[in-house]
Amino acid sequence: MENAKPMVMAAINSMEIDPTQVFNIVDYGSADGGTSMPLFYQVIKKLRQRYDDSPPIHVTYEDLPVADFKSLFMRLHGLLPMSDNHSYLKDFPNVYVGACGTSFFDQCFTDRFVNFGFSSTAMHWLSRGPCPLPDAVFHMVSSCGEAKEQFSKLAAQDWETILLKRARELAPGGRMVIVNCTTDESGYYGGGRWTSGKVNICQNMSSLWHNFAQRGQITKEEFVNTNIFAYWRSQDEMQAPFVNENSRVRKAGLTLVSLETKLTPCAFQARWRKEGGDARQHAKQFVNMCRSWSYHAFHTGLSNKRTEEEKAAILESFFKEYEDEVAAAPEKHDMEVMSCFLHIKRG
C-alpha cells in the first residue's frame with residue numbers, strides 16, 4: 001500500500017472533481033478491506049482538505065460473496081482494531097460505505113458509476129482453471145510448456161475482460177490504480193530470490209507437496225489436481241491491451257497513464273533480521289500467511305473420496321512440515337512481492 005500511495009495520490013490530484021456530485025471509490029478484490037483502509041483514509045483526507053465537507057464520498061468494497069465483509073464493517077465502525085486505529089468513516093463527515101458481492105470478472109456497477117477504482121494483489125487470480133499443472137502447484141514453477149501456454153492464454157482473455165468491465169463502470173475522466181503480481185525482466189516473480197540463497201515460496205510449496213505424493217501421503221492424481229489458478233503477468237502482457245490501437249480496451253476508452261514495477265520486501269523477513277526472537281513463533285506467523293491464500297487450493301486438490309477429517313489432517317501435516325523448515329532456517333524464507341502498478345484513465 002505504501003508503494004501504491006504515490007500513484008494513487010497522483011491520480012486523485014489529476015482529477016477534475018465536481019463537489020456537487022457523489023464521488024464513488026471502489027476497492028476491487030478487497031477481502032476484509034484491512035489493507036486498503038489506511039490508504040483510503042489518506043485519499044479521503046486529501047479530498048476533504050480540497051473541498052471541505054463536499055463532495056459526498058461513497059466507498060464500495062467489492063469481492064466474492066464469501067468474502068469477510070463482516071470484519072470489514074466491524075473495522076470501519078471501530079469494533080475490530082486497525083493498524084493505525086483511524087477510521088475514515090468515523091473521522092470525516094459525509095462519507096458512506098457499502099459492499100458488492102459480484103466478481104470483478106462481471107460488471108459490478110452501473111455504467112459510469114465509479115470515479116476512482118483501486119485493486120491490489122487480486123487481479124492475478126484467474127476466472128477458472130485452464131488445465132491441471134502436471135508437475136507443480138504454481139504455473140511459474142511448472143516445466144510443462146503446453147499447460148503454461150493455456151494459463152497464459154486464459155490470463156490474456158481474463159485481463160481484457162477485467163479491463164472492459166471497468167471501462168463501462170468508470171465515469172468519463174475516472175481513474176483506476178491496479179497493483180498486480182508480475183515478473184521482472186529476468187523472469188523473477190517474487191517469493192524469495194533463489195540466486196541469493198533464499199528458499200522460493202512457490203518452488204518450495206510445490207516441492208513439499210510433491211514429496212507428499214512420493215511418500216504416499218497423497219496420490220499422484222491429487223498432486224496434479226492441486227493448482228493455484230493465478231497468473232503472474234509480465235509488464236508486456238499487462239500493457240498489451242493499451243498498446244494495440246485496435247484493441248477493444250482502447251476502443252472502450254481506457255488509456256494507460258503510467259506503469260512501474262516495484263519490489264515490496266517481506267515484512268516477516270525484515271522483522272526477523274531486525275529483532276530476531278523465537279524462530280518457532282516467527283515460522284508460525286510466516287506459514288499462516290501462506291496458508292491464508294493457498295489453503296483452499298490444496299484442499300480442493302484432495303480427492304472427494306477422503307473425509308473432511310482426512311483432508312484437514314493432511315493439510316495440517318503439510319503446513320507443519322513447512323513451518324518446521326522455516327523455524328530451522330528463518331533467514332532463508334522470504335515472501336517479497338514483485339508488483340506492477342498501473343494508472344489507468346477513462347476518456
Side chain Asp53, main chain Pro93, donor-acceptor under 3.5 Å: no
Derivation and outcome, side-chain contact (heavy atoms from CB on, under 4.5 Å), residues Met335 and Phe268: CA-CA 8 Å; Met335 186 48 190; Phe268 296 96; 5.6 Å; no
Side chain Arg346, main chain Ala167, donor-acceptor under 3.5 Å: yes
N/O donor-acceptor pair under 3.5 Å between Glu169 side chain and Phe109 backbone: yes
Sidechain N-carboxylate O distance under 4.0 Å for Glu321, Arg215: yes
Side chains of Ser127 and Thr161 in contact at under 4.5 Å (non-hydrogen atoms): no
Interatomic spacing from CD in Gln269 to NE2 in His282 - rounded to 0.5 Å: 6.0 Å
Whether Phe318 and Phe298 hold their rings parallel, tilted or perpendicular, with breakpoints at 30° and 60°: tilted
Heavy-atom pair with the smallest gap, counting every atom of Met15 and Ala11: CG-O, 3.1 Å
Glu222/Arg306 ion pair, N-O < 4.0 Å: yes
Carboxylate-amine/guanidinium proximity below 4.0 Å for Lys320 and Glu323: no
Test side chain to side chain donor-acceptor pair (under 3.5 Å) applied to Ser186 and Asp184, step by step: CA-CA 5 Å; Ser186 69; Asp184 66 11; 2.7 Å; yes
Gap between atom CD1 of Ile57 and atom CG of Leu47 - 0.5 Å precision: 4.5 Å
Neighbour count above 12 (heavy atom, 6.0 Å) for Arg250 CZ: yes
Chi angles and distances behind the side-chain contact (heavy atoms from CB on, under 4.5 Å) call for Ser120, Thr35: CA-CA 9 Å; Ser120 179; Thr35 52; over 6 Å; no
Residue His299 excluded, over 12 heavy atoms near NE2 under 6.0 Å: yes
More than 12 heavy atoms from other groups under 6.0 Å of CD on Gln49: yes
Sole candidate of Trp232, Tyr231, Phe151 that passes ring pair (Phe, Tyr, Trp, His ring centres under 6.0 Å) when paired with His124: Trp232
Intermediate values then yes/no, side-chain contact (heavy atoms from CB on, under 4.5 Å), Met1 and Lys5: CA-CA 6 Å; Met1 290 301 160; Lys5 183 178 177 181; over 6 Å; no
Side chain Arg48, main chain Pro55, donor-acceptor under 3.5 Å: yes
Salt bridge present between Asp324 and Arg280 (N-O < 4.0 angstrom): yes
